[in-house]
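Here's the structure we're looking at; comments come further down.
Chain letters run A, B, ... following the sequence lines, proteins first and then strands; every chain starts at 1.
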Protein chains: 2
Amino acid sequence: MARNVKNIKELAALIGISATTVSRVLNGKAELYRISPATSKKVLNAANEFSYYPDRIARGLRLKRTETLGLIIPDIANPFFASIAKTIEFETRRNGYSLILGDSLDDIQTETELLNLFAGRKVDGIILAPVGHSSAHIEEFQKRGIPVMVIDRYLPGTKIPFITTDNYAGAFEAVEYMISKGHRVIACIQGLKGISVNTDRVQGYRDALEKNNITVDNHMILGNDFGVENGYIQTQILMSREKMPTAILALSNLISIGVMRALSEKNLSIPDDVSIVSFDDQPYSAFLASPMTTVEQLKEEIARIAVNGLLAWIRTGKIDQQIDKMLKPKLIFRKSVKTINV
Amino acid sequence: MARNVKNIKELAALIGISATTVSRVLNGKAELYRISPATSKKVLNAANEFSYYPDRIARGLRLKRTETLGLIIPDIANPFFASIAKTIEFETRRNGYSLILGDSLDDIQTETELLNLFAGRKVDGIILAPVGHSSAHIEEFQKRGIPVMVIDRYLPGTKIPFITTDNYAGAFEAVEYMISKGHRVIACIQGLKGISVNTDRVQGYRDALEKNNITVDNHMILGNDFGVENGYIQTQILMSREKMPTAILALSNLISIGVMRALSEKNLSIPDDVSIVSFDDQPYSAFLASPMTTVEQLKEEIARIAVNGLLAWIRTGKIDQQIDKMLKPKLIFRKSVKTINV
DNA sequence: CTGTTAGCGCTTTCAC
DNA sequence: GTGAAAGCGCTAACAG
């Protein structure tokens with residue numbers, strides 16, 4: 001095994017040519033500069049033999065481009081985001097880019113900090129599942145010239161491109177389905193208030209009820225977090241009330257786990273005592289005590305469109321505003337909704 | 001809002017001092033160089049006012065250190081690894097480092113490619129959940145001077161430090177528990193053959209049987225992947241045999257989902273028809289059709305030790321060989337194992 | 001207490 | 001066809 005070589009100059013010296021030529025060959029510009037095939041071959045062989053990998057940091061400095069994308073996500077442990085991250089990583093690498101990851105913990109300050117950090121690291125673009133309603137920090141960021149593509153959630157009233165699920169339609173359909181099964185008192189345990197995903201789902205919930213002449217009871221909309229704990233606590237609250245819902249719409253897969261925990265502690269069963277529909281289909285959804293009816297989102301699709309849209313934006317320097325997209329979700333029917341007297 | 005400033009020189013010019021001084025103040029070396037408080041304050045104010053963030057790429061080139069860690073994981077969509085990744089990201093950032101993520105798809109070639117890529121990007125260290133038995137490519141890598149810390153799996157016969165679960169003990173306990181419940185024909189659906197996690201678990205399974213005077217039937221050890229599909233297929237094979245097992249040890253959470261799918265298709269129920277214990281506890285484990293008895297691993301702990309050990313290694317330049325650790329897992333008893341005639 | 005200068009490893013302009 | 005030299009933005013010697 002030959003020894004390694006530390007930089008392009010050293011490699012060039014070893015072959016007895018200039019660093020310039022080595023650089024040209026290694027960057028596929030041999031043709032362009034009419035470098036002789038013999039020289040080319042020598043360079044390629046040497047690079048291989050001495051396992052030379054160019055220093056991407058130096059390259060990035062010179063080129064003012066790092067071939068790195070930033071990904072900011074509110075909770076990488078949430079399987080919904082983990083799946084999205086997997087596809088994003090794959091697509092990113094397939095295009096010769098690397099991915100730097102940040103978990104914002106659904107906290108706007110951490111998100112801002114990550115944006116600045118990534119800017120300092122000169123990422124070429126960012127994919128962001130934003131925490132908040134406020135978008136000032138993101139727009140300011142765009143102005144610094146770094147493309148930001150928003151996924152999952154979008155920022156109304158801004159020019160920031162996004163790919164998301166048609167959450168309104170998903171919630172609307174889910175609720176209409178529950179109504180068709182005879183439910184009239186349906187609770188909605190929501191995630192973080194004020195972000196589009198949540199707002200749209202709640203609106204879909206409201207409109208489905210109203211369309212079916214059921215008055216919306218604001219006490220039936222509660223919670224403020226996408227996590228397990230919130231699902232647990234809100235269900236306890238719901239179940240201690242005089243007027244208990246016969247069905248619950250859980251606005252995330254984690255929330256529905258919390259719901260299950262609370263119900264099982266009270267020896268209430270799904271769907272006999274309470275029906276439930278949850279957002280985000282998961283591999284385990286079908287194997288729960290009561291196989292869960294879910295609203296499935298096109299995770300891979302969202303990830304792919306986001307990466308490719310962002311890279312196109314980076315390459316051309318301008319954004320295809322047509323990219324804004326809301327992908328239709330799909331209701332997956334299982335057994336967590338009971339038919340009750342109509 | 002003041003305009004932004006593009007580099008340290010420009011900022012320095014604006015205040016009317018040299019870039020050196022600005023650099024010193026911004027790096028907290030004002031004291032060291034006895035820079036006057038007045039100048040210091042001016043610098044800090046200006047940096048803030050013009051929202052100047054130093055270019056970490058240029059800094060990295062100069063310092064030969066990027067304050068970036070690489071994380072290579074076989075499947076970020078697997079909630080086990082997603083949880084680990086979350087803690088790793090958090091700890092990494094808390095220490096002022098960034099994290100670049102690679103998903104090896106449990107493929108050794110992709111893993112090697114990622115290692116080289118990360119080397120080119122001059123990461124200061126790497127946390128790796130390795131795919132394979134072979135460790136040559138990793139050792140070669142260490143020689144290039146980049147510290148590699150292995151998690152989850154370890155490489156026997158190498159000097160590469162690792163943090164993992166005591167998988168042998170986990171499997172041993174799980175099987176002894178099933179035996180204590182009267183099971184004698186216990187199958188083991190394994191993950192990727194040849195990697196330590198798998199080897200150790202299988203060995204724990206074998207030894208528990210033998211210790212209880214049950215002859216190990218090699219037909220009862222099958223499979224070769226940690227994913228859902230493998231659990232599904234192997235269960236179908238098991239259930240189509242003359243001699244069916246009364247219990248299954250599933251060597252990952254994904255495998256057990258596959259087992260559940262196959263059983264439910266055959267209208268077999270857990271634990272009435274088949275008992276099961278699965279590795280990796282998950283938030284949903286308690287809410288499955290049959291609440292699942294699982295072997296819980298200390299994910300956060302593994303992640304924390306790995307990051308802090310790696311950073312210490314980077315800072316001091318030498319590795320604390322004491323770091324090699326196998327954390328004891330915990331058996332969580334639920335209802336997926338039936339007591340049968342003994 | 002502060003500044004000048006050199007150089008990290010790469011790519012590109014300009015020159016031959 | 002190839003090379004010398006400049007410079008990306010930063011920090012650390014060295015100098016005062």
[X] near the nucleic acid: base, sugar-phosphate alone, or nothing, with a heavy-atom cut-off under 4.0 Å?
| X | result |
| --- | --- |
| R56(B) | nothing |
| I17(B) | sugar-phosphate |
| I35(A) | sugar-phosphate |
| K122(A) | nothing |
| Y53(B) | nothing |

Distance, rounded to the nearest Å, where [X] contributes [atom1] and [N] contributes [atom2]:
| X | N | atom1 | atom2 | value |
| --- | --- | --- | --- | --- |
| Y33(B) | dT2(C) | OH | P | 13 Å |
| L61(B) | dG9(C) | CG | C1' | 6 Å |
| R59(A) | dT12(C) | CZ | C1' | 12 Å |
| L32(B) | dT11(D) | CG | C1' | 13 Å |
| R24(B) | dC10(D) | CZ | C1' | 13 Å |
| I8(A) | dC8(D) | CD1 | C1' | 16 Å |
| E67(B) | dT11(D) | CD | P | 10 Å |
| R65(B) | dG9(C) | CZ | C1' | 18 Å |

Going from CD on E301(B) to CZ on R304(B), what distance comes out if it is rounded to the nearest 0.5 angstrom?
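Separation between the atoms: 6.0 Å.
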Spacing of CD1 belonging to I108(A) relative to NE2 belonging to H137(A), to within rounding of 0.5 Å:
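Between atom CD1 of I108(A) and atom NE2 of H137(A) there are 4.0 Å.
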Quick one: is [X] getting a side-chain N or O under 4.0 Å of the [N] phosphate, OP1 or OP2?
| X | N | answer |
| --- | --- | --- |
| N7(A) | dC8(C) | no |
| K29(B) | dA12(D) | yes |
| S23(B) | dT11(D) | yes |

Are there over 12 heavy-atom neighbours, none belonging to [X], within less than 6.0 Å of that residue's [atom1]?
| X | atom1 | value |
| --- | --- | --- |
| E139(B) | CD | yes |
| F141(B) | CZ | yes |
| Y97(B) | OH | yes |

With respect to the side chain of L63(A), which nucleotide from dG9(C), dT11(D), dT12(C) is positioned closest?
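Output: dT12(C).
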Would you kindly check whether a donor in the side chain of T20(B) faces an acceptor in the base of dA12(D), or vice versa, at under 3.5 angstrom?
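Present.
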For S36(B) and for R62(B), locate the closest nucleotide of DNA chain C by heavy-atom distance; then report the residue assigned to the nucleotide nearer the 5' terminus.
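On the 5' side of the pair lies S36(B).
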Mapping K64(B) and P37(B) onto DNA chain C by nearest heavy atom, which one lands closer to the 5' end?
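Residue closer to the 5' terminus by nearest nucleotide: P37(B).
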